[in-house]
Participant: 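Input: one structure, supplied below.
Counting convention: from 1, in listed order, for ligands and their atoms alike. Computation of the quantities below employed the complete heavy-atom set of this structure, encompassing side-chain atoms and omitting hydrogens, waters and symmetry-equivalent molecules.
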Amino acid sequence: MDILIKNCRLLGSEKLFDVGIEDGRIKEIKEKANGRMNDKAREEIDAGGRLLTSSFFNMHFHLDTVFTAGQPRYNASGTLLEGIEIWEERKKSLTEKDVIERCEKAVEIFTLYGTTFIRTHADTTEKELTSLKALLKAKKLFGDLCDIQITAFPQDGILTQKENAELLEKAAELGADCIGMIPHNEYTREDGIDSIRIAFDIAQRHNKDVDGHVDETDDPDSKFLEVVAAETIKRSYQKRVIAGHTTAMGSYDNAYAFKLFGTLKKAEITIVSNPLVNANLQGRFDSYPKRRGLTRMKELLNSGINVCLGHDDMLDPWYPLGTGDMLQVLFMALHLAHFTSREELLNALDLITTNGAKALRLNDYGIAPGKKANLVLLNAKNEIDALRILGPPLLVIKEGRIVASTIDGPKIYRKGKPKEVELFTS
Ligand code: FE2
C-alpha cells in the first residue's frame with residue numbers, strides 16, 4: 001500500500017476509519033471498531049479524528065487574469081464593466097510567459113487549499129489568443145497538481161467585433177475543452193441571442209461542452225439563461241452545459257423564475273455560482289435596499305438543479321481579494337444564500353465536491369474502494385468546524401500522490417519534492 005490514513009472521520013459518520021491508498025486509487029476503507037488495517041504502507045498518517053473528504057472543484061476561474069490587480073489601474077467603481085475595460089488595457093501586454101507564471105502561482109495556492117480540479121476561462125477576444133495558448137501549456141505543466149479544463153471565453157462579446165466568432169472557433173481547433181459566451185455583454189438582446197446560437201454551433205461542430213457567462217448583471221430583463229436552456233434542449237445537449245453567474249435571477253419575478261426552473265431541469269444544466277466575486281460586483285447600481293446579486297442557489301438545488309461554486313477571480317480587475325480557498329467561497333455562499341439550516345450545513349461540502357463531479361460527468365469519484373484517491377484531510381473534526389475554520393487542509397492527495405501538506409509549513413510536492421508556497425503578494 002502507498003498511503004494509509006489512520007483514524008479519520010468521513011462525512012456523515014461519527015465513526016473512525018482507516019483509509020488505504022494504492023496505485024492512485026482508494027484500496028480499502030476499514031472502520032476502526034473492526035480492527036486495524038493489516039497492510040503496511042510506505043507512508044502512514046494519523047488523522048487524529050479529522051475529517052477526510054474528496055478534494056475540491058473550482059468550477060469557474062480566470063487563470064489568465066489572476067494577480068493583475070492594479071495593472072494598469074484598480075477598479076474604482078467595483079463594477080463588472082469597469083473590470084472589463086481595465087482588462088482590455090492589460091491584455092495588450094499579455095505574453096505566454098506572463099500568463100504561465102501567474103497561473104503557476106495560482107495553481108500552487110489552489111492545490112495547497114485542497115482544489116485538484118479547475119475549470120478556467122481563457123479570453124479569446126485578444127487577437128493572438130495568447131491566454132489560450134499559454135493555458136494549454138499550463139494545463140500540461142501543472143496537471144500533476146490540478147486537472148485543468150479550459151473554456152474559450154469571448155470576454156468582449158462574440159458579435160461586438162467581426163473577428164471574435166472566428167477567434168472562438170480557432171480556440172476550439174487549438175484544443176479548448178469548452179465553448180463560452182457572454183450574451184449580456186453583447187450590444188443588444190438580439191445579438192445576445194445570436195451569440196448563444198453561434199457558441200452552440202461551434203461547440204457542436206467540435207464536440208465540445210458549453211460553459212457560458214450568463215446574465216451576470218442585476219438587470220431583471222437580462223433573460224439569456226432561458227435561451228441557453230432552450231438551445232440545450234433543442235440540440236439534445238443535456239448534461240453538457242454550464243451557466244455561470246446567472247445573478248440576474250436574484251432580481252427576477254418569482255413567477256418567471258418558477259417557469260425558468262422547469263426549463264433548466266429539462267435541459268439538465270449546471271449552474272455555477274461565484275459568490276465572492278458577485279457579492280463584490282453586483283448591487284453597485286443600487287442605493288438601499290441593496291441586492292445581494294446572487295443566483296437562486298437554494299431554490300435551484302431544491303428544484304433538483306445541479307449547483308456548484310467557482311472562485312472566479314483573485315487579485316484582478318474584478319476582485320481585489322481572494323485566498324484560493326474553495327471553503328472560503330463556500331462560506332460566502334452559505335451566508336448570502338441563507339444556506340444555514342442544520343441539514344444544509346451538513347451537506348454544504350457537496351457544493352465544492354460531489355456537485356462538481358456531477359457537472360463533469362465523472363464516475364470514478366468519491367470516497368469508496370476503487371475510486372480515484374483525490375482527497376483532502378481537513379483541519380476539522382466535523383462538518384460545522386470545516387465550514388467555520390476553513391482551509392488550508394493538513395493534506396491534499398491527487399490520484400494517490402500527496403501534492404500538498406501544511407503539517408510542516410505550507411508546501412506543495414512536485415515529482416515528490418517539497419516546495420514552499422508563497423502566500424504573500426509582496
Ligand atoms: Fe467569470
Participant: Is a side-chain donor-acceptor pair under 3.5 Å present for Ser222 with Asp215?
Facilitator: yes

Participant: Can you find a heavy atom in the side chain of Ser273 that is under 4.5 Å from one in the side chain of Leu294?
Facilitator: yes

Participant: Kindly indicate whether the side chain of Leu309, heavy atoms from C-beta on, has any atom under 4.5 Å from the side chain of Met297.
Facilitator: yes

Participant: Check Ile148, Leu63, Asp147 against Lys139 for a side chain to side chain contact (heavy atoms under 4.5 Å, CB included) and give me the one that passes.
Facilitator: Ile148

Participant: Identify which one of Leu377, Thr116, Val376, Ile5 satisfies the side chain to side chain contact (heavy atoms under 4.5 Å, CB included) criterion when paired with Ile397.
Facilitator: Ile5

Participant: So, applying side chain to side chain contact (heavy atoms under 4.5 Å, CB included) with Met332, which one of Val329, Leu336, Leu334 is it?
Facilitator: Leu336

Participant: Report the protein N/O/S neighbours of the Fe ion (ligand 1) that fall below 2.8 Å; do not count waters.
Facilitator: His60 NE2, His62 NE2, His213 NE2, Asp312 OD1

